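First the structure, in the form of structure tokens, and then the observations on it.
If you're wondering where the values come from, they're calculated on a predicted model, not measured in any experiment. Just so you know, ligand 1 is whichever comes first in the structure, and atom 1 is the first atom listed for that ligand.
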Amino acid sequence: MSQTASEQQAGGGASEVELKQQLVDCIRMLEQAGIIDYNGHASIRVDEQRIFINVGSCQRSRLTVEDICTIDLEANQNDGKANAPLERHLHCGIYRVRPDVKAIVHAHPRWSTYLTMVGESYQPVYAQGSLVYPVPLLDSPNAINNRPMADRLAATLGDRPAALLKSHGAVTVGKDILEAFVLANYMEENAARQYMALQIGKPYAFSAEEVRLCREKLWNANLFKRTWDHFHAKLG
Ligand SMILES: [Zn+2]
């Protein structure tokens, strides 16, 4: 099958086929890590008009590039073998106001959502988890399946790399899919550790200076790549 010029070159050098494969790998790794299940979605901004996202009905554990569809910034679907997720608006809302964001992960992970259910704020208790701290909270459990909710979530996220949605889930963003994936893992691992520590006492939260030091050392493309590779190696 021949490719057009735009298919061969998009997203800073990666071809569109490669971008779709990265998205597939990301979603399969999130499923394997227990961060997404039969819901949850991730997207990549391809250019000013187009977003790649998995179709809502796909099997995340057996995802292929055929399960990726294209939507625009207004949440209209352009192609694909099935419908984009109802919460496609979440992605569009963020991309509309954050030109720096090229990839987004949205999931309903257990540990970070538990914290939001009881009003326990996310605290930096684990070095990698401090990278997304402070994490703004959307004060509504409603699905992000319309434009007003999407705009509200985007406003809540502001210029941050991650947000939590009360009794609903989590969103992470990045300059590429690798970053959005890695931050999703770091945030959920931090939340799991915070939750477990809360069972036996009051977890120590890193100071502002300790958070700053972590960011200086750990917000690092090589370490992000190592994290991605760790999960990628487990894919069958
Ligand atoms: Zn959701």
Matching residue for Ile144 among Arg152, His91, Met149 - test: side-chain contact (heavy atoms from CB on, under 4.5 Å):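 Looking at Arg152, His91, Met149, the match for Ile144 under the side-chain contact (heavy atoms from CB on, under 4.5 Å) is Met149.
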Name of the residue among Thr156, Val105, Ile94 meeting side-chain contact (heavy atoms from CB on, under 4.5 Å) with Val171: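 Going through Thr156, Val105, Ile94 one by one, the side-chain contact (heavy atoms from CB on, under 4.5 Å) with Val171 is satisfied by Ile94 alone.
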Side-chain heavy atoms of Glu189 within contact of Gln194, under 4.5 Å: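 No. Closest side-chain heavy atoms not under 4.5 Å.
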What is the name of the N/O/S atom of [X] that is nearest to the Zn ion (ligand 1)?
X: Glu87; answer: OE1
X: His106; answer: NE2
X: His168; answer: NE2

Donor-acceptor contact present, side-chain Arg28 to main-chain Arg62, <3.5 Å: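 No; zero donor-acceptor contacts below 3.5 Å.
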